[in-house]
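These notes concern the structure reproduced below.
Only a predicted model underlies this, so the values are computations on that prediction, with no experimental measurement involved.
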Number of protein chains: 2
Amino acid sequence: MKLSTKGQYGTRMLLDLALHEEEAPVLLKDIAQRQQISLGYLEHLVTPLIAGGIVRSTRGAKGGVSLAKPSEQIKLSEVIQLLEGSIAPVACVNDPAVCSRSESCVTRDIWDELKQAMDGVLASTTLQNLVQRQKDKQPLEGAMYYI
Amino acid sequence: MKLSTKGQYGTRMLLDLALHEEEAPVLLKDIAQRQQISLGYLEHLVTPLIAGGIVRSTRGAKGGVSLAKPSEQIKLSEVIQLLEGSIAPVACVNDPAVCSRSESCVTRDIWDELKQAMDGVLASTTLQNLVQRQKDKQPLEGAMYYI
DNA sequence: GGTATTGTATACTATATTAGTCATAATAGT
DNA sequence: ACTATTATGACTAATATAGTATACAATACC
Ligand code: SF4
Ligand code: SF4
């Protein structure tokens, strides 16, 4: 039940982006440096977020990336969905047709409950929540939120 | 965030075992057939469960496997821990030392909440719960619970 | 004691996924 | 034109997954 680095790094990237929103568009290079993620990999992570309408990008000089909508409207469940695909622990939870036992399988019911519990946490957390938590956590360091 | 087949099959194996508890010890071969899991793979799955004190095995003719404790005392959280290791979505949740950012990282806090939400479901579900659900689900088929 | 029956342990393998790197193209500003 | 910047796709190394195969050890039954 591990989250891949896509989900981990991608979330950190978005939080970093949200924390530097006033300076938008933000250079991927800067995010890469602050978050210690290679630029090349970050480029891969940002792609699905752009496609998913969470991030807007501007190419060329003075370009960069910015949030495509207010951070209060970006739920972590969306983010993880875009970066990792469905959170369902087992495929049958999303699509009963993948397994002939689906109808009568009670373990499936549990995996579904598990999914819902996870979704409860992720859907109730927005990027703005993360930003607020971060600011609460590092009140002394002014505007420099390196995470 | 997928559960590997170890966790999936292992849980089904235990449920099958619990459903056939009166016939214990149960042949791995029979479980394999009912659950459509290869015997060789099932042998792999049962090993950590024996080591973890959930299953007892009897070798030789008339042998097989049985539950080492009452099904009400077997929590799914234990089972998954034995079969998949920690449920933590990111390693830093269990051991902050793995990442230098742990101290100030708010995404880590979320991953921790996620873990706790998952553990809430798994720790509150016992094998007996699963057995009961299965019996509720298939009341017409008598003792034949193939899952 | 011999033999069939069962689980135990180890080694091996094929495939898929992860976590990247690298080169190149497209685009925007100056 | 030139430069800065993201976008895209090809490629790769390392790891994890999902098994299979083989040999071994213990037990029950005759
Ligand atoms: S056996 Fe049950 S849990 Fe596993 S895939 Fe089939 S329906 Fe889902
Ligand atoms: S960056 Fe945060 S979430 Fe990721 S490993 Fe470090 S502490 Fe954990």
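- Atom CZ in Arg56(B) sits about 13 Å away from atom P in dT8(C), given to the nearest Å.
- Computed from coordinates, the Glu43(B) CD to dT8(C) C1' distance equals 8 Å when rounded to whole Å.
- For the pair Leu49(A) CG and dT6(D) P, the interatomic distance rounds to 15 Å; values are reported in whole Å.
- Between the side chain of Lys75(B) and the backbone N or O of Ser124(B) there is no donor-acceptor pair closer than 3.5 Å.
- If you measure from atom CG of Leu83(B) to atom C1' of dA16(D), you get 16 Å, rounded to the nearest angstrom.
- Residues Lys6(B) and Arg59(A) both approach DNA chain D. Their nearest nucleotides, taken by heavy-atom distance, put Arg59(A) toward the 5′ side.
- Of the possible donor and acceptor atoms, none in the side chain of Gln73(B) sits under 3.5 Å from a partner among the backbone N and O of Pro70(B).
- At whole-Å resolution of the value, CD in Gln36(A) and P in dA19(C) are 18 Å apart.
- Proximity of Ser38(B) to the phosphate of dT20(D): a side-chain N or O atom is located under 4.0 Å from OP1 or OP2.
- Nearest to the side chain of Lys29(A), among dT6(C), dT5(D), dA7(D), sits dT5(D).
- Taking every side-chain heavy atom of Ser4(B) into account, dA18(D) is the closest of dA18(D), dT6(D), dA9(C).
- Between the CG atom of Asp30(A) and the P atom of dT5(D) there is a distance of 9 Å, given to the nearest Å.
- Here dG7(C) presents its P atom at 9 Å from CG of Leu42(B), a figure rounded to the nearest Å.
- Contact annotation for Val46(A): backbone-only contact, meaning every heavy-atom pair under 4.0 Å involves sugar-phosphate atoms and none involves a base.
- Of the candidates dA26(D), dC29(D), dA18(D), the closest approach to any side-chain atom of Tyr41(B) belongs to dA18(D).
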request  = Give the intermediate values and the outcome of side chain to side chain contact (heavy atoms under 4.5 Å, CB included) for residues Arg108(B) and Arg101(B).
outcome  = CA-CA 9 Å; Arg108(B) 177 170 176 267; Arg101(B) 307 170 101 86; over 6 Å; no
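- The shortest heavy-atom contact between Ser77(A) and Asp119(A) is CB-OD1, 3.9 Å.
- Contact annotation: Tyr9(A) reaches the phosphate of dG20(C) (side-chain N/O to OP1 or OP2, under 4.0 Å).
- Residue Leu39(A) contributes atom CG, which lies 12 Å from atom C1' of dA4(D) at whole-angstrom precision.
- Under the side-chain contact (heavy atoms from CB on, under 4.5 Å) rule, Leu127(B) has a single partner from Leu19(B), Leu17(B), Ile54(B), Ile74(B), which is Ile74(B).
- The side chain of Ala61(A) has dG29(C) as its nearest neighbour among dG29(C), dA9(C), dA26(D).
- Residue order along DNA chain C, read from the 5' end via each residue's closest nucleotide, puts Thr5(A) first among Thr5(A) and Thr58(A).
- Here the nucleotide nearest the side chain of His44(B), chosen from dT5(C), dA9(C), dT10(C), is dT10(C).
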